[in-house]
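Taking it in order: structure first as structure tokens, then the write-up.
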Amino acid sequence: MHILDLIIKKREHQKLTKEEISFFVQGVTDGTLPDYQISALLMAIFLNGMDAEEITHLTMDMANSGARFDLSAVQGFKVDKHSTGGVADTTTLILAPLVASVGVPVVKMSGRGLGFSGGTIDKLESIPGFCVSVDEAQAIALAQKSHLVLMGQTENLTPADKKLYALRDVTGTVESLPLIAASIMSKKIAAGANGIVLDVKCGSGAFMKTLEDAQALARIMVEIGKRVGQKVSAVISGMDQPLGSHIGNSLEVMEAISILRGEVGGDLLEVALLLGAHMLLLAERAETIAEGKALLQQQIANGQGLAKLRELLIQQGGNPAVLEDFSLLPLSPCTHILTAAQDGYLTKINTAKIGQAAQATGAGRVYKEQPLDYGAGIIMKKRLGDIITKGEPLAVLYSATEERCASAGNILADALTISDTPMPLPPLVLDTISYRQSE
Ligand code: URA
């Protein structure tokens, strides 16, 4: 077999066989294929696509390219969750303790943020002492004890994805449905859970800008799950404004804690409850979404969700006192209040730009190895549809220097549109694709 034949085949819109896809992934993993030929095939896939069978083979070969987690020693139906990435999208920190608190094990590997979307691992690392480096044996022991582990990806998880993603990043082939689906699903399958809930973000602050694209991605990932015998459900949720009000690493931890304390509600809580309820449905811990949501809400009201987060912090070295005292979390010293230049209604938010403003405060990375300012970020004071009075605060920015605050403030001001007449609010949840529907 020769890689050139595969490139020409895909260039000519032909389907690759299981053996050809395995040959490709093997060559990517062991380094025998040169980057220029891998890149050429990636571009051919980007332009001409793959069908469900090809994407499933690619996913499984990528999942098997490194060591897979074996969680069989942990009793119960293990659930995982993945978000395709958004702004102020802190659902994991809320739903993982809630779901684990009703006895459903959550062993979740998360990534770091790059670009305008934040990463759960970075948020967790803003908690003094919290350790995200956990190996398989430790993860099993912690999950057996507390049902909850939040950890970084292990070194040898899906090496083929690491190589392919790095090449996609520099060859204009990131935004490809088959490649995104295989990349996400290979990592989730290798991480060893029995069921996966996907939060596919759609809107101005997401990879997928249109509902059609988000639905296509959600459908193919649910379909891959079905073909490999794994329960997968996908929720398509709106990203036409930041999900929560706090953007930035320690700021998002504070908002998640406030929600688990029962002090704050809103869209972030709504989406966290919905995704958590889907996880309970997969684990057969609830029969309906309404029942699942009610159960999780009860875990907020009775303090069990917060208690589970405390357990997580203690077992992974984080200071549990942050749950009562936010002054123990980092907060950058310089602040800037962005005020409204006119009266009206907040009618449009360019969410990607808000993410860029947060990046400019120091909360996000522009390049992969960039160190983060954990205490930097933005607290939004207004949401879409709100009535705005000239001169009132729209947001507060936190950064290490006045200059950073001011330049992030300029980007933020540019992201918000205030108009004389109100506009209809975008829906929070646009669609749900369940493994049950595709049966
Ligand atoms: N997230 C991933 O893990 N992979 C992609 O290709 C895109 C988003």
Side-chain angles (χ1 to χ4, degrees), residues 21 24-25 28-29 38-39 41-47 49-50 54-56 58-63 65-66 68-69 80-87 89 91-92 108-123 150-193 196-203 205-210 213-222 224-225 230 232 234-237 239 275 351-352 355 364-365 368:
I21 291 169
F24 171 61
V25 175
V28 169
T29 310
I38 300 173
S39 303
L41 185 54
L42 288 172
M43 184 56 86
I45 294 170
F46 180 94
L47 294 172
M50 280 181 141
E54 289 174 290
I55 302 172
T56 306
L58 180 62
T59 301
M60 290 316 291
D61 284 330
M62 286 166 67
S65 66
R68 283 173 67 170
F69 250 41
D80 197 351
K81 166 256 162 192
H82 179 84
S83 161
T84 57
V87 177
D89 182 25
T91 54
T92 294
K108 180 163 164 42
M109 282 193 209
S110 297
R112 294 186 187 282
L114 183 62
F116 62 75
S117 73
T120 303
I121 287 307
D122 298 317
K123 296 171 200 176
L150 296 181
M151 58 188 284
Q153 278 161 17
T154 49
E155 241 340 273
N156 49 0
L157 188 90
T158 58
D161 179 62
K162 289 192 180 87
K163 171 83 185 178
L164 289 175
Y165 198 91
L167 285 175
R168 286 166 60 204
D169 211 19
V170 293
T171 56
T173 51
V174 168
E175 299 89 349
S176 150
L177 191 144
L179 297 177
I180 295 174
S183 167
I184 293 174
M185 289 302 291
S186 63
K187 288 187 288 255
K188 292 286 116 184
I189 289 168
I196 302 162
V197 174
L198 300 165
D199 183 14
V200 178
K201 297 285 173 192
C202 175
F207 254 125
M208 300 290 144
K209 308 283 182 219
T210 67
D213 285 349
Q215 282 169 325
L217 179 62
R219 281 199 196 103
I220 189 64
M221 291 195 288
V222 172
I224 293 169
Q230 191 143 27
V232 180
V235 169
I236 299 173
S237 65
M239 198 24 82
L275 297 171
T351 313
R365 292 186 182 84
K368 208 171 167 193

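Just follow the structure's listing: the first ligand is 1, and inside any ligand the first atom is 1.
Annotation: His82 places no N or O atom under 3.5 Å from an N or O atom of ligand 1; distance criterion only. Of the N or O atoms in Tyr165, none lie within a sub-3.5 Å distance of an N or O in ligand 1. In terms of N/O distances under 3.5 Å, ligand 1 is approached by Lys187.
Within the structure, the closest approach of Thr84 to ligand 1 does not fall below 4.0 Å when heavy atoms are considered.
Shown in contact with Ile180 at under 4.0 Å from a heavy atom are these atoms of ligand 1, numbered in order with element: 6 (O), 7 (C).
For atom 4 (N) of ligand 1, the closest non-hydrogen atom of the protein is Ser183 OG, 2.6 Å. Counting protein heavy atoms only, atom 1 (N) of ligand 1 is closest to Ile184 CG1, 3.8 Å. Counting protein heavy atoms only, atom 8 (C) of ligand 1 is closest to Phe207 CE1, 3.5 Å.
The shortest distance between side-chain heavy atoms of Ile180 and Met208 falls below 4.5 Å. Proximity of Val174 to Phe46: side-chain heavy atoms (C-beta onward) are nowhere separated by under 4.5 Å.
If you run side-chain hydrogen bond (donor to acceptor under 3.5 Å, both in side chains) between Thr92 and each of Lys123, His82, Lys81, only Lys81 comes through.
Remark: side-chain polar atoms of Ser110 are not paired, donor with acceptor, to backbone N or O of Ile121 under 3.5 angstrom.
Inspection of the Ser186 and Asp161 side chains reveals no N or O donor paired with an N or O acceptor under 3.5 Å. For the residue pair Lys162/Thr158, the side-chain donor-acceptor check at 3.5 Å is not satisfied.
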